[in-house]
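Taking it in order: structure first as structure tokens, then the write-up.
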Amino acid sequence: MRSPYSAWLRDEGLVALSGNYQEDLLEVPLQPWPRVGGAAAILNHDRSNDSNDCRIVAIAPGGELAEERHLFEEMVYVLSGRGATRVADGRGNVHAFEWRTGSLFAVPLNAAHQHFNGDGAEPARLLMVTNAPVVLNMFRSLDFVYGCEHMFEDRFDGDPGYFSGEGVLHGREWRTNFIADVRAFGLIDYPERGGGGRNIQLTLAGNSMKAHISEFAVGEYKKAHRHGAGAHVVILDGCGYSLMWRQGAELARYDWRPGSLIVPPDGWFHQHFNTGTEPARYLALRYFDNRVFTADGIPSSNLSTRLGGDQIEYEDEDPKVREMFDSARAAAARGGR
Ligand SMILES: [Fe+2]
């Protein structure tokens, strides 16, 4: 049965691109989307269509998108270009901030906002992850989702420094509203997932959706794990590949480089491999918190499958995982892929 969200896509004249992988987000073909005032593509793979979606929206040189407000959350990563966003608070003030390639921010829930391209010669390309599917499927009312006047002041109270890039660190979670460049953002050691990894968890604009930045070392790969749907993983630096598989099924390989996207399906194991000569870094834009926690507060995706969790420790993995990595590294060293 067609969901209210998929019916809405059809009514907007959009065809969602399905699949778990895009080799190059800068090359995804776009189509006009009158509502947003730009050219866009919707990525909504078959296993996350009731949680979140991913939009690529281009702003013409010197142009701007339509002003809008909506009752779904919107995280924005700048794939290319530079520009500015204006956001209205509920007190009659407008907040403006500038962004460029590598910036990450979120529009506060239901705040009227507008994105501008600050370059007169080049288009800007934004990647947005929203929870529009769950919101549209729940309310089934465009008038409400796009026309509600409530301001969520517990998330955005008009603080003039809201988009300054300041934040607060809670454990390994950075709560902020704007990061100038996620490619250069400082990370914290994260040995639990292996691979010589570091990461930081992100909460933007008080959202229920979450994000994280991860990096792992040259000559390493991370441990396989699984969790719920809706993690959109954008490769920022490095080259390598990921394996994704449903338990008991064949391992599928997806090669990546900066600008690639992978979206692990709900409950599928996935595992990331660095075959390059520099650390590999990615940004994951997720739906809510898709992890399950044990009674001790440990994410199940960090707990060994031997203990009932959802992470495969190195010593438990299929031997062909290591064999494939060794041959991929050898091929990369020879100049192949
Ligand atoms: Fe994951």
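Every heavy atom of this structure was used, including side-chain atoms; hydrogens, water molecules and symmetry mates were not. The shown structure was predicted, so the numbers you read here are calculated from the model rather than taken from an experiment. Atoms within each ligand, like the ligands themselves, are counted from 1 in listed order.
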Asp310 and Ser301: side-chain hydrogen bond (donor to acceptor under 3.5 Å, both in side chains), yes or no, with the steps?
-> CA-CA 4 Å; Asp310 292 302; Ser301 55; over 6 Å; no

Would you sort out whether Phe105 and Phe163 count as a ring pair (Phe, Tyr, Trp, His ring centres under 6.0 Å), showing the intermediate values?
-> CA-CA 8 Å; Phe105 59 92; Phe163 296 104; 7.3 Å; no

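Counting only protein N, O or S atoms, the number found under 2.8 Å from the Fe ion (ligand 1) is 3.
Between Tyr314 and Tyr221, the ring planes lie perpendicular to each other; the angle is over 60°, past the 30° to 60° tilted range.
Each of Arg193, His225, His227 was compared with Gln311 under the side chain to side chain donor-acceptor pair (under 3.5 Å) criterion, and only Arg193 meets it.
Between the side chains of Tyr190 and Asn302, at least one donor N or O sits under 3.5 Å from an acceptor N or O.
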Kindly list each side-chain donor-acceptor pair under 3.5 angstrom involving residues 75-82, sequence neighbours excluded, with atom names and distances?
unit_1 : atom_1 : unit_2 : atom_2 : d
Arg82  : NH1    : Gly118 : O      : 2.9
Arg82  : NH2    : Gly118 : O      : 3.3

